[in-house]
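Keep in mind that this is a model prediction, so the values were computed, not measured. Values below: all heavy atoms of this structure, side chains included; hydrogens, waters and symmetry mates excluded.
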Amino acid sequence: MRNRYLDLLRSLAIVRVVVYHVTGYATLTLVFPAMSVMFALAGSLMAASLDRTGAPAVLRRLRRLLPSLWVLAAVFVPAMLLTGLPFTPKVLLWLFPVSDPPANYWGGLALSPIWYLRDYLWFVLASPLVLWLFRRAPLPVLLAPYALLAVIEFGIFPDAPPVLREFGLYFGAWLLGFAHHDGLLRRMRNRVLVPTALVLGAAGLAWIVTHPGPRGHDLNDIHLGNALWSAAFILVAIGRAPDGAAWVDRTPVLSRVVTVLNRRALTCYLWHMPFVVALTPLVGLVGWTPRDPLGLAVRVVLVFVLVGVVTLLVGWVEDLAARRTPELFPGRHGRTGAERAATAPASPAPAGAAAELVGAGRVPAPRRAPEPTASRADRLSAG
């Protein structure tokens with residue numbers, strides 16, 4: 001069964017990303033390092049998928065990742081070709097973005113969130129081998145991305161390829177997702193986890209304060225500070241994640257919002273930035289300054305409305321990619337965990353198990369077939 005706390009965390013990350021791109025408030029990146037949280041949650045789900053199906057989980061992840069990108073490309077690539085983008089073989093990167101796909105002068109900003117899919121793609125491809133290594137040497141493997149980033153940031157390897165820099169910046173969060181899935185974070189005692197988080201957070205904050213970027217203390221410009229601060233945040237927010245958040249489903253509106261944002265996370269992420277770019281020139285037309293609070297609030301609302309519209313139009317592609325029944329508005333007719341458990345097939349007990357329990361005086365001998373129990377698929381989070 002899905003952990004609604006983690007679903008809520010992912011939903012908050014999506015909302016934070018959209019609000020940040022509209023407002024540009026650097027403080028938001030410190031309060032909630034959303035991209036690292038999203039990579040950590042994705043790493044946990046990737047480890048779960050590899051445990052269930054092995055190497056084929058990579059193809060399954062790619063199947064869920066790429067169709068939403070192809071829908072976006074079907075709209076914007078022809079538009080960019082008609083407005084000056086040269087047609088070269090690099091355009092094919094829009095089908096499989098192992099590197100940044102080409103864009104023209106307006107598409108470069110509107111489609112800038114594609115970097116997340118590029119990194120996600122590389123992390124998925126690397127996961128089978130790295131998970132194998134991680135389970136044999138957890139600490140060295142976990143420290144490797146941070147060491148790589150430090151080598152780059154301190155100028156020892158200044159000309160590192162972009163993909164290596166991204167591994168240093170965000171793959172540590174992905175590996176913390178592995179640690180969450182394997183229960184390593186939960187098994188850490190508070191006397192270890194809390195001081196570790198405090199030291200990482202203090203080191204990250206010190207680096208952020210002493211190495212401001214072009215936008216001040218925006219984490220997106222301060223890579224080493226970003227990685228350290230995000231690691232501290234993940235240790236607390238995910239390392240001490242509760243088993244669930246039942247209160248989310250006790251509020252129907254909140255429950256539906258969390259469900260929709262999780263089922264349509266990729267659509268919301270890919271499509272929000274074009275609307276941010278399109279609405280920005282309207283600020284001057286109505287007499288607002290770029291930092292006018294009312295103008296920012298109106299733009300945030302309009303972006304969410306437009307993302308909602310495009311989600312209704314093309315979000316069902318995520319259902320097809322996940323091999324779910326397509327829905328315009330996810331979660332409308334979902335069954336509860338109790339309903340699914342009631343209809344799940346029973347798994348037979350091991351031979352002789354009942355006799356051993358009776359002999360130990362713990363339970364009476366069964367007089368009828370055991371009640372159905374929830375299937376393994378219902379106990380695991382959806383991959």
Side-chain angles (χ1 to χ4, degrees), residues 6 9-10 12-14 16-17 20-21 26 28-47 49-50 58 61-62 65 69 97-100 112-131 133-134 138 140-154 157 160-181 185 197 200-201 203-204 207-208 211 213 218-239 265-266 269-270 273:
L6 298 182
L9 204 59
R10 186 182 294 104
L12 291 174
I14 290 292
R16 204 286 280 159
V17 167
Y20 164 76
H21 281 149
L28 292 173
T29 65
L30 283 165
V31 173
F32 196 121
M35 299 313 303
S36 292
V37 168
M38 289 168 64
F39 278 121
L41 293 173
S44 181
L45 289 175
M46 186 66 205
S49 295
L50 287 168
V58 172
R61 282 286 155 186
L62 296 182
L65 179 72
L69 170 65
V98 290
S99 182
D100 289 330
S112 56
I114 297 298
W115 71 264
Y116 172 72
L117 272 73
R118 177 201 65 210
D119 288 3
Y120 197 115
L121 181 63
W122 276 108
F123 295 172
V124 166
L125 294 174
S127 285
L129 174 60
V130 176
L131 182 60
L133 293 171
F134 177 81
V141 173
L142 180 58
L143 293 178
Y146 299 98
L148 172 63
L149 183 61
V151 166
I152 295 172
E153 292 296 304
F154 284 116
F157 188 18
V163 65
L164 281 183
R165 185 181 296 273
E166 295 300 301
F167 264 90
L169 178 55
Y170 288 117
F171 199 58
W174 189 274
L175 293 177
L176 286 172
F178 284 0
H180 168 260
H181 169 72
L185 300 185
L200 289 172
W207 187 269
I208 292 165
H211 296 78
D218 191 312
L219 288 192
N220 294 296
D221 303 323
I222 312 169
H223 295 163
L224 186 58
N226 185 355
L228 296 174
W229 180 261
S230 297
F233 188 95
I234 291 167
L235 283 176
V236 176
I238 297 179
L266 195 52
Y269 181 81
L270 288 174
M273 197 61 184

Interatomic spacing from OG in Ser44 to CD1 in Ile238 - rounded to 0.5 Å
7.5 Å

Nearest 0.5 Å please: distance from the CG atom of Leu131 over to the CG atom of Leu175.
9.5 Å

Parallel, tilted or perpendicular, as decided by the 30° and 60° cut-offs, for the rings of Tyr116 and Tyr120:
perpendicular

To the nearest 0.5 Å, tell me how far His181 NE2 sits from Phe134 CZ.
10.5 Å

Should Leu270 and Leu117 count as side-chain neighbours, where that means a heavy-atom distance under 4.5 Å?
yes

Quick check against the 3.5 Å criterion: does Ser36 have a side-chain atom that pairs as donor or acceptor with the backbone of Ala173?
no

I'd like to check Val124 versus Leu65 (side-chain heavy atoms, cut-off strictly below 4.5 Å). Are they in contact?
no

Between CG on residue Leu266 and CD1 on residue Ile14, distance to nearest 0.5 Å:
8.5 Å

Value rounded to 0.5 Å, distance of CG in Asp221 from NE2 in His211:
13.5 Å

Any side-chain heavy atom of Phe178 sitting closer than 4.5 Å to one from Leu142?
no

Mind checking the CZ-CG spacing from Phe32 to Leu12? Nearest 0.5 Å is all I need.
5.5 Å

Check whether any side-chain heavy atom of Tyr170 lies under 4.5 Å from a side-chain heavy atom of Leu149, and answer yes or no.
no

Do the side chain of Arg10 and the main chain of Leu41 share a donor and acceptor less than 3.5 angstrom apart?
no

Could you tell me how the ring of Phe171 sits relative to the ring of Trp174: parallel (under 30°), tilted (30 to 60°) or perpendicular (over 60°)?
parallel

Taking the six-membered ring for Trp, are Phe123 and Phe167 ring centroids under 6.0 Å apart?
yes

Hey, are the side chains of Ile114 and Leu69 touching, using non-hydrogen atoms and a 4.5 Å cut-off?
yes

